[in-house]
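Below: the structure, in structure tokens.
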Amino acid sequence: MLEKQVDLQTEALETILNELQKKGYCVLDNAFSIELIDALQQQINVLSPSDFHAAGIGRQKNFQLADSIRQDHIHWLNNQQEDAAKRFLDNMSQLQQAINRRLFLGLFDYEAHFAAYPTGGFYKKHLDAFKGKSNRVLSTVLYLNEDWSSADGGELILYDEHDLDLQIEKISPVKGRFLIFLSESFYHQVNPSNKERHSIAGWFRINNSLSGNIDPAS
Ligand code: OGA
Ligand code: MN
């Protein structure tokens with residue numbers, strides 16, 4: 001039988017678990033093999049504009065386009081083909097298992113999309129989940145930008161979970177950098193960038209009943 005390809009480095013996994021436990025978030029480079037990052041870049045680069053749609057805010061009947069708040073265009077990942085996206089999703093289910101074993105978060109599934117921010121694009125300060133209103137527990141972002149310099153902007157600003165105006169991290173979206181944080185605890189924003197900016201944003205979810213609905217989409 002073919003061994004499943006493992007791209008999530010063992011040391012990175014340890015760091016993620018420890019930092020999540022200690023401070024509720026973790027930023028690290030080289031979490032995944034460079035081959036996987038290259039393949040993901042390749043995959044997003046060959047998508048055409050019609051494969052993307054403008055992201056909005058809210059789900060289902062509350063969905064609205066909101067380009068004064070966010071300007072990314074998104075394409076949801078699926079695991080139907082043997083491609084880089086599937087390889088990434090396989091790695092994230094390994095991460096899910098490890099987190100559940102160590103931190104007992106009861107994560108149930110993971111959803112993720114490619115995101116392309118146009119030049120000048122941003123995402124204003126927000127939370128990915130509000131207490132009791134969403135099944136999103138942990139947010140992840142993986143950056144896919146070749147040769148990103150500090151002059152290109154586009155940083156993700158992470159705010160303190162208690163002092164909501166205090167910036168605790170300014171994260172440049174460089175190739176291979178990975179961020180994971182508790183969705184209900186950390187406000188964050190994406191600063192405008194001076195060129196197109198690529199990432200994969202994703203969420204580990206629990207399977208909770210919200211207002212009588214079993215597992216509604218966030
Ligand atoms: C999001 C988000 C951050 C990024 O999609 O909710 O905050 O850096 N993305 O792409
Ligand atoms: Mn977000």
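Residues: numbered from 1 along the sequence shown. Counting starts at 1 for both ligands and their atoms, in listed order. As the structure is a prediction and not an experimental result, all values here were calculated from the model.
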- Metal site angle (apex the Mn ion (ligand 2)), NE2 from H126 and OD1 from D128, 10 degrees: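 The two atoms subtend 90° at the Mn ion (ligand 2).
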
- Item | W203 N/O under 3.5 Å from ligand 1 N/O |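 By distance alone, the answer is no.
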
- Any nitrogen or oxygen of Y123, main chain or side chain, under 3.5 Å from a nitrogen or oxygen of ligand 1?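 Between Y123 and ligand 1, no N or O pair is found under 3.5 Å apart.
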
- Could you tell me whether ligand 1 has any atom less than 4.0 Å away from a heavy atom of H126?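 True for this residue.
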
- Measure centre to centre between the rings of H53 and W76, then say whether the value is under 6.0 Å.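 No; W76 has its ring centre 6.0 Å or more from that of H53.
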
- Message: In this structure, is the centre-to-centre distance between the rings of F32 and F178 below 6.0 Å?
- Response: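 So the answer is yes for these two rings.
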
Identify the closest protein heavy atom to [atom]: which residue and atom is it, and at what distance?
atom	answer
atom 5 (O) of ligand 1	A201 CB, 3.6 Å
atom 8 (O) of ligand 1	Y143 OH, 2.6 Å
atom 9 (N) of ligand 1	Y117 OH, 3.7 Å

- Task: Is it possible for you to check whether R177 lies under 6.0 Å from the centre of the six-membered ring of Y143, through NZ or CZ, and within 45° of that ring's axis?
- Result: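 Verdict for Y143: no cation-pi partner in R177.
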
In terms of atom number and element, which parts of ligand 1 are under 4.0 angstrom from non-hydrogen atoms of [X]?
X	answer
V141	4 (C), 8 (O), 10 (O)
S199	10 (O)
L156	3 (C), 8 (O)
V190	3 (C), 4 (C), 8 (O)
R197	4 (C), 8 (O), 10 (O)

- Query: Does a side chain donor of either D72 or H113 reach within less than 3.5 Å of an acceptor in the other side chain?
  - Reply: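 Judged by distance alone, the side chains do not pair up.
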
- Task: Decide if atom CD of E11 counts as having more than 12 heavy atoms of other residues, nucleotides or ligands within a radius under 6.0 Å.
- Result: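 No, CD of E11 has 12 or fewer neighbouring heavy atoms, counting only those of other groups under 6.0 Å.
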
- Item | Considering all heavy atoms, the nearest D147-D152 contact |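 Between these two residues, the closest heavy atoms are O-OD2, 3.9 Å.
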
- Check whether any side-chain N or O of S183 sits under 3.5 Å from a backbone N or O of L138 as a donor-acceptor pair, and report yes or no.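 Confirmed, S183 side chain pairs with L138 backbone.
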
- Query: Which of these, F181, Y159, F186, sits in a ring-ring contact (aromatic ring centres under 6.0 Å, His included) with Y25?
  - Reply: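 The single option meeting the ring-ring contact (aromatic ring centres under 6.0 Å, His included) with Y25 is F186.
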
